[in-house]
Participant: 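Sharing a structure, written as C-alpha cells. Questions coming.
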Amino acid sequence: MSATILDGRKTRDERVPELAKRVSALSSTPTLAIIQAGNRDDSNSYINAKKAFGKKIGVNVKHIQVLETVPQSELISIVQECNADVTIQGIIVQLPLPIEIDDDAVIDSILPSKDVDALTAHSVKRWLDGNEDALLPATARGIRTLLKSYKIDLFGKKVAVIGRSTLVGKPVIAMCLNENATVTVCHSKTQDLAKETKVADVVICVAGKPGLIQKKNVKKGQVIIDVGINTLVGEKLDDEIETKKLVGDVDFEAVNKVVAAITPVPGGVGPMTVLSLFENLMDLCEKK
Ligand code: NAD
C-alpha cells in the first residue's frame with residue numbers, strides 16, 4: 001500500500017483565501033522588500049516564487065538587486081533604508097550572500113519588527129526560547145502547518161531531524177522541541193543514520209542529498225518530511241537539450257511503499273515555505 005501524500009500545494013491553496021483576507025483588512029497594501037546581491041539561478045527562482053505568491057494575495061514585492069561585488073557597507077545601507085521606509089513592512093536578505101560578505105552583519109542590520117525570515121539574533125533567541133508569539137523561519141513554520149493540517153501531532157513523538165544548518169535544520173529542530181517532541185539530530189558525522197531514523201515516529205530530512213533516505217532507513221507507520229530540494233540533470237532530449245529534474249533527499253518511490261505518510265518533492269514543503277513567509281509578514285503587519 002502507498003503512503004498518504006502530505007500535499008503542500010493543496011494545503012497552501014486552502015490557506016490562501018484566509019491570508020488574502022488578512023491582507024485586504026490592512027489599512028494599506030503591505031510591501032515585502034527582497035534584497036539580492038548577485039544573480040544566482042536558484043535565488044532567482046525562489047524570488048520569482050515569492051513575487052508570484054505576493055501578487056496572488058495582494059502584497060507588493062519590491063525586489064532590490066545589486067551586483068555580486070557590492071561592498072558589505074552598501075548592502076547594510078540598503079537594509080537601513082528599508083528599515084526607515086514606512087511603506088515596507090518586511091525585509092528579506094536573499095541567501096546565500098557572496099562569500100566575502102558577513103551574513104550575520106547584514107542580517108542583524110534588519111529591524112526585528114521587519115525581520116520576516118526570523119533570522120536576526122533577536123528573532124533566533126525568541127524561537128529558541130519557544131516564545132509563544134515568536135515568528136519561526138518559514139520552512140519550519142510550513143512543516144508545522146502541514147503536519148497540523150493532516151492532524152499529525154508531534155507531542156511526545158520521537159522525531160529524527162537530519163541536518164543542522166542555522167538556516168533550516170536548527171529552526172526545524174527548535175520547532176519540534178517547542179511542539180514537545182523528543183528530538184534526535186542527525187548530520188554528516190552521524191555514524192549509523194538508519195539506526196537513528198528507524199526508531200523515529202517522524203523523520204524530517206534537511207540535508208540536500210538526493211537519495212539519502214532509502215527503504216533501509218524507514219519503517220512502517222512513519223511520517224516522512226522531505227525538505228531537500230536538489231536539481232538533477234535528467235535525460236538528454238534529442239541528444240542535445242538536458243532536462244532538469246527536481247528531487248528531494250528521500251527515494252520517494254521506494255519509501256512511500258513502506259511508510260504511513262510522506263511529502264513529495266516538488267509539491268510538499270516548498271509551497272508551504274512560501275505560504276509561511278507571507279503568514280510571517282502578516283503577523284508582523286498586524287502587530288503594529
Ligand atoms: P546545508 O548544506 O547548509 O546543511 C545540510 C545539513 O545536512 C548539514 O547539517 C549536514 O550535516 C547534513 N548532512 C549532509 N550530508 C549528510 C549525510 N550524508 N548524512 C546526514 N546528514 C547530512 O543545507 P541547508 O541550507 O540546510 O539546506 C538543506 C536542503 O534543504 C537543501 O536541499 C535546500 O535546497 C533545501 N531547502 C528546502 C526548502 C524548502 O522550502 N523545501 C527551504 C530551504 C532549503
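In each ligand, atom 1 is the first atom listed, and ligand 1 is the first ligand listed.
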Participant: Take atom CD in Glu68; do more than 12 heavy atoms of anything else shown fall under 6.0 Å from it?
Facilitator: no
Participant: Going by the atom numbers of ligand 1, which of them fall below 4.0 Å from some non-hydrogen atom of Lys209?
Facilitator: 15 (N)
Participant: Should Asp42 and Arg40 count as an ion pair when the cut-off is N to O under 4.0 Å?
Facilitator: yes
Participant: Under 3.5 Å, is there a donor on one side chain and an acceptor on the other for Lys158 and Gln222?
Facilitator: no
Participant: Report the nearest protein non-hydrogen atom to atom 25 (O) of ligand 1: residue, atom name, distance rounded to 0.1 Å.
Facilitator: Val168 CG2, 3.8 Å
Participant: Does Arg164, backbone or side chain, put an N or O under 3.5 Å from an N or O of ligand 1?
Facilitator: yes
Participant: In terms of atom number and element, which parts of ligand 1 are under 4.0 angstrom from non-hydrogen atoms of Ile162?
Facilitator: 20 (C), 21 (N)
Participant: Are any of the N/O atoms in Ser165 less than 3.5 Å from those in ligand 1?
Facilitator: yes
Participant: Between Ser123 and Thr120, does a side-chain hydrogen bond (donor to acceptor under 3.5 Å, both in side chains) hold up when you go through it step by step?
Facilitator: CA-CA 5 Å; Ser123 301; Thr120 59; 3.1 Å; yes
Participant: Could you list which atoms of ligand 1 come closer than 4.0 Å to a heavy atom of Thr273?
Facilitator: 39 (C), 40 (O)
Participant: Can you spot which of Ile110, Ile91, Ile92 makes a side chain to side chain contact (heavy atoms under 4.5 Å, CB included) with Ile35?
Facilitator: Ile91
Participant: Show your working on salt bridge (Lys or Arg N to Asp or Glu O under 4.0 Å) between Lys125 and Asp129 and close with a plain yes or no.
Facilitator: CA-CA 6 Å; Lys125 166 91 169 62; Asp129 281 350; 2.6 Å; yes
Participant: Taking a cutoff of less than 4.0 Å between a non-hydrogen atom of the residue and any ligand atom, is Thr190 in contact with ligand 1?
Facilitator: no
Participant: Closer than 4.0 Å to some heavy atom of Gly208 - which atoms of ligand 1 meet that?
Facilitator: 28 (C), 29 (C), 31 (C), 32 (O)
Participant: Hey, are Glu18 and Arg22 close enough for a salt bridge, meaning a charged N less than 4.0 Å from a carboxylate O?
Facilitator: no
Participant: Which option, Thr139, Thr231, Leu212, Val185, owns the non-hydrogen atom nearest atom 17 (C) of ligand 1?
Facilitator: Leu212
Participant: At under 4.0 Å between heavy atoms, which part of Asn230 makes contact with ligand 1: side chain, backbone, both or neither?
Facilitator: side chain
Participant: Kindly identify the option in Pro96, Gly163, Ala140 whose heavy atom sits closest to atom 6 (C) of ligand 1.
Facilitator: Gly163
Participant: On a heavy-atom basis, I'd like to know which of Val265, Val227, Leu277 is closest to atom 36 (N) of ligand 1.
Facilitator: Val227
Participant: Please confirm whether the backbone N or O of Lys157 pairs with a side-chain atom of Asp201, one donor and one acceptor, at under 3.5 Å?
Facilitator: no
Participant: Just need the protein heavy atom nearest to atom 11 (O) of ligand 1, so name the residue and atom and give the distance.
Facilitator: Ser188 N, 3.0 Å
Participant: Test your reading of the structure: does Ile229 have an N or O sitting under 3.5 Å from an N or O of ligand 1?
Facilitator: yes
Participant: Show the nearest heavy-atom pair for residues Gly54 and Val61, with the distance to one decimal.
Facilitator: CA-CG2, 4.2 Å
Participant: Would Lys148 and Glu179 pass as an ion pair if we require N to O under 4.0 Å?
Facilitator: yes
Participant: Looking only at protein heavy atoms, identify the closest one to atom 5 (C) of ligand 1 and say how far it is in Å.
Facilitator: Ala207 O, 3.5 Å
Participant: May I ask you to say whether Asp251 pairs ionically with Lys257, meaning some side-chain N is under 4.0 Å from a carboxylate O?
Facilitator: no
Participant: For atom 28 (C) of ligand 1, grab the closest protein heavy atom and report residue, atom and distance to one decimal in Å.
Facilitator: Val206 O, 3.5 Å
Participant: Residue-level breakdown please: for His187 versus ligand 1, do any non-hydrogen atoms fall below 4.0 Å on the side chain, on the backbone, on both, or on neither?
Facilitator: both
Participant: In this structure, would Met272 and Trp127 fall into the same cluster of hydrophobic residues linked by side-chain contacts under 4.5 Å?
Facilitator: yes
Participant: For ligand 1, which atoms have a heavy atom of Gly270 less than 4.0 angstrom away?
Facilitator: 40 (O), 41 (N)
Participant: Using a strict cut-off of 4.0 Å, indicate which atoms of ligand 1 neighbour a heavy atom of Gly228.
Facilitator: 30 (O), 32 (O)
Participant: As a test of the contact definition, would atom 2 (O) of ligand 1 count as having a protein heavy-atom neighbour under 4.0 Å?
Facilitator: no
